Amino acid sequence: MNSPSPPVALTRREFMRAGSALAATAAVAELSGATPAAETIVAPKLAGARPFLTPADKFRDVSRGKPLPHSLKGDALIAARLTPETWRLEITTDPTPNPAIKETASLGMPLTLADGNALDLPALLELGKKHEVQFLKAMQCLNIPAPLGQGLWAGVPLREALRLCGAMRNVRRIYYWGFHNDDPKQLFQSSLSYSQAMETPPGELPAFLAYRLNGEPLSLTRGGPVRMVIPWAHGFKSIKWLQRIVVTNDYRANDTYAEQNNDPEAPLKTAAYLDNLPAKIPAGQAAPIGGLVISGISGLKRVEYSLTRGDAKAEAEIWTAAQLEAPPADWRDVLPAGVSPKQILGFDPQTGRPATWPLRYSMVSWSATLKGLAPGKYALSARAVDLNNFAQPEPRPIQKAGRNSLEVREFEVV
Ligand SMILES: Nc1nc2c(c(=O)[nH]1)N[C@H]1C(S)=C(S)[C@@H](COP(=O)(O)O)O[C@H]1N2
Ligand SMILES: [Mo]
């Protein structure tokens with residue numbers, strides 16, 4: 001593998017400036033002495049112009065159900081127990097244990113609607129006073145080649161909720177689902193191993209029951225009142241409108257996603273995504289390019305891009321390091337009011353600085369500027385290189401373990 005020069009970090013302010021794009025483009029064009037083309041071509045909207053935290057209603061939505069749970073209103077919403085007052089979480093043993101497994105799971109104290117001891121929101125918030133965790137996480141679907149959004153999520157680790165149920169025996173996995181119109185066909189279920197739920201490695205982020213996003217109560221649109229969030233996984237493990245957790249001795253992952261040919265244990269991928277480019281770029285003008293990059297389970301070393309002439313298929317790819325968005329100089333500029341980075345997992349609790357950059361399971365922008373391109377057709381691609389020096393789409397070219405193909409954008413310099 002070639003080793004390009006180390007990436008240069010741009011401050012957020014520089015990114016925002018670059019985001020007000022044409023001005024920057026024009027300035028570079030002026031420096032290079034080129035005559036601006038008569039035809040006005042709008043520069044690509046640069047990634048840095050995106051807010052660091054995606055507003056709750058601006059996430060790309062991936063939801064099943066008819067009617068969609070977040071379209072319910074009034075009495076239907078109350079009947080669905082999806083208001084803060086009516087929300088309940090049941091934690092039980094497997095109602096349909098696999099007959100092939102002789103020992104069945106048991107719980108010291110199941111939490112059920114029937115027994116009147118299901119967990120309600122005030123009890124969960126009370127648990128949060130002692131055990132709350134917060135962290136930044138990008139939501140990304142295993143099957144969609146673009147991040148859905150990034151949030152500051154807050155809630156209670158799943159292990160703390162499970163401890164409410166007393167002694168457990170013969171539990172190897174934990175299944176959970178959300179509201180699905182009481183229709184088995186609409187069930188969207190996911191699962192974790194017992195160890196994944198209970199034993200968070202130091203420095204890692206726990207599976208948790210989220211009740212806040214970006215400093216606000218978790219909205220119905222994003223899966224509130226309470227949603228599961230699995231930091232290291234794709235979106236399908238982060239079940240919205242959470243209502244039921246089941247402990248079982250069935251050792252198999254029975255995620256709904258597994259039935260659709262997806263790898264149910266695939267972790268979030270390190271991957272770069274390219275913003276759209278205009279179809280035509282005037283010769284002599286510098287063209288800003290960029291996109292987003294998610295730091296997945298294998299971490300991120302750098303983002304690289306490659307530009308090839310569209311008419312020269314055999315041309316060797318040359319990969320050039322792009323610039324990564326730097327951590328905000330002042331986190332107060334991007335975090336909800338009153339939240340200090342010292343409280344957020346993944347940051348040093350003393351200094352408030354991120355322990356890694358980008359933070360694992362979060363996303364940042366990357367950018368570069370193309371200059372001096374001769375007229376002709378081009379193809380641009382971008383890739384992430386992880387901390388094992390594996391360049392996308394390695395080490396996992398199996399797309400059903402998480403979409404990780406190289407994106408290509410074609411354009412013409414005129
Ligand atoms: N109850 C429920 N939870 C769900 C889903 C769903 O259809 N129903 N979709 C999952 C999938 S596949 C993804 S990618 C994420 C998307 O989260 P978002 O809509 O908040 O962006 O939610 C997950 N949680
Ligand atoms: Mo998804």
Side-chain angles (χ1 to χ4, degrees), residues 50-51 53-72 77 80-82 87-90 136-155 158 174-192 207-214 216-246 253-269 271 273 292 294 296 361-363 399-404:
R50 293 187 186 94
L53 296 180
T54 312
D57 58 350
K58 293 281 171 353
F59 276 63
R60 187 156 164 186
D61 190 290
V62 184
S63 304
R64 292 147 191 86
K66 257 188 185 160
L68 285 168
H70 49 321
S71 71
L72 298 178
L77 199 57
R81 287 186 284 107
L82 287 177
W87 180 79
R88 297 288 184 280
L89 174 66
E90 294 185 282
L136 294 157
K137 172 184 164 54
M139 196 55 73
Q140 169 63 320
C141 181
L142 184 145
N143 285 307
I144 297 178
L148 307 177
Q150 170 154 275
L152 174 70
W153 306 87
L158 171 60
I174 289 149
Y175 301 163
Y176 46 93
W177 65 76
F179 176 75
H180 54 276
N181 298 301
D182 298 323
D183 174 0
K185 285 206 207 85
Q186 298 188 21
L187 180 76
F188 191 78
Q189 176 175 298
S190 197
S191 74
L192 295 174
F208 76 112
L209 279 49
Y211 48 63
R212 222 164 49 237
L213 172 61
N214 299 342
E216 307 274 333
L218 186 64
S219 65
L220 184 66
T221 333
R222 282 283 70 69
V226 178
R227 158 185 207 164
M228 190 73 84
V229 174
I230 309 299
W232 62 85
H234 288 99
F236 71 92
K237 293 269 183 196
S238 295
I239 295 293
K240 296 183 276 195
W241 313 293
L242 182 70
Q243 294 192 325
R244 180 73 171 268
I245 295 177
V246 175
N254 73 350
D255 300 51
T256 304
Y257 239 42
E259 289 152 20
Q260 295 156 11
N261 193 29
N262 301 294
D263 174 1
E265 289 306 292
L268 193 60
K269 300 295 174 258
Y273 302 91
L292 289 167
I294 290 185
Y361 315 127
S362 80
M363 64 182 180
Q399 297 299 308
K400 292 309 255 181
R403 254 187 193 263
N404 202 40

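Please read all numbers here as calculations on a predicted model, not as lab measurements. Remember, it's 1-based here, ligands and their atoms both numbered in the order they're listed.
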Rounding to 0.5 Å, atoms CZ (F188) and NZ (K240) come to a distance of 9.0 Å
Any side-chain heavy atom of L209 within less than 4.5 Å of one from Y176?
no
Is there a side chain to side chain contact (heavy atoms under 4.5 Å, CB included) between L218 and V226 once you walk through the steps?
CA-CA 7 Å; L218 186 64; V226 178; 5.8 Å; no
Classify the contact between P69 and ligand 1 as side chain, backbone, both or neither, using a heavy-atom distance cut-off of under 4.0 Å.
neither
Please determine, by modelled atom types, if H234 and N262 share a side-chain donor-acceptor pair under 3.5 angstrom.
no
Atom 10 (C) of ligand 1: closest protein heavy atom, distance to 0.1 Å, is F188 CE2, 3.6 Å
Here the atoms of ligand 1 under 4.0 Å from any heavy atom belonging to L148 are 14 (S), 16 (C), 21 (O)
Indicate, as side chain, backbone, both or neither, the part of R227 found under 4.0 angstrom from ligand 1 when only non-hydrogen atoms are considered.
side chain
For V62, which part has a heavy atom under 4.0 Å from ligand 1: side chain, backbone, both, or neither?
both
Quick one: nearest non-hydrogen protein atom to atom 13 (C) of ligand 1, plus distance?
G235 C, 3.6 Å
Is the closest side-chain heavy-atom distance between T54 and M139 below 4.5 Å?
no
Find all atoms of ligand 1 within a distance of less than 4.0 Å from any non-hydrogen atom belonging to C141, and give their numbers and elements.
14 (S)
Pairs of nitrogen or oxygen atoms closer than 3.5 Å, one from Q140 and one from ligand 1: do any exist?
no
For residues L82 and P225, determine if any side-chain heavy atom of one lies less than 4.5 Å from a side-chain heavy atom of the other.
yes
Any non-hydrogen side-chain atom of L213 less than 4.5 Å from a side-chain atom of S219?
no
NE2 of H70 to CG of D57, rounded to nearest 0.5 Å, is 11.5 Å
Would you say S63 contacts ligand 1, with heavy atoms under 4.0 Å as the rule?
yes
Closest non-hydrogen contact found for A233 with K137 is O-NZ, 3.2 Å
Nearest option to atom 18 (P) of ligand 1, as decided by whichever heavy atom of M228, K240, Q260 sits closest
K240
Indicate, as side chain, backbone, both or neither, the part of Y257 found under 4.0 angstrom from ligand 1 when only non-hydrogen atoms are considered.
side chain
How far is atom 21 (O) of ligand 1 from its nearest protein heavy atom, and which residue and atom is that?
R60 O, 2.7 Å
Taking the ring of W241 and the ring of H180, is the distance between their centroids below 6.0 Å?
no
Considering only heavy atoms, does W241 approach ligand 1 within less than 4.0 Å through its side chain, its backbone, both, or neither?
side chain
For S238, the ligand 1 atoms whose distance to one of its heavy atoms is below 4.0 Å:
22 (O), 23 (C), 24 (N)
Only heavy atoms of R64, strictly under 4.0 Å: list the atoms of ligand 1 that pass.
5 (C), 6 (C), 7 (O), 9 (N), 10 (C), 12 (S)
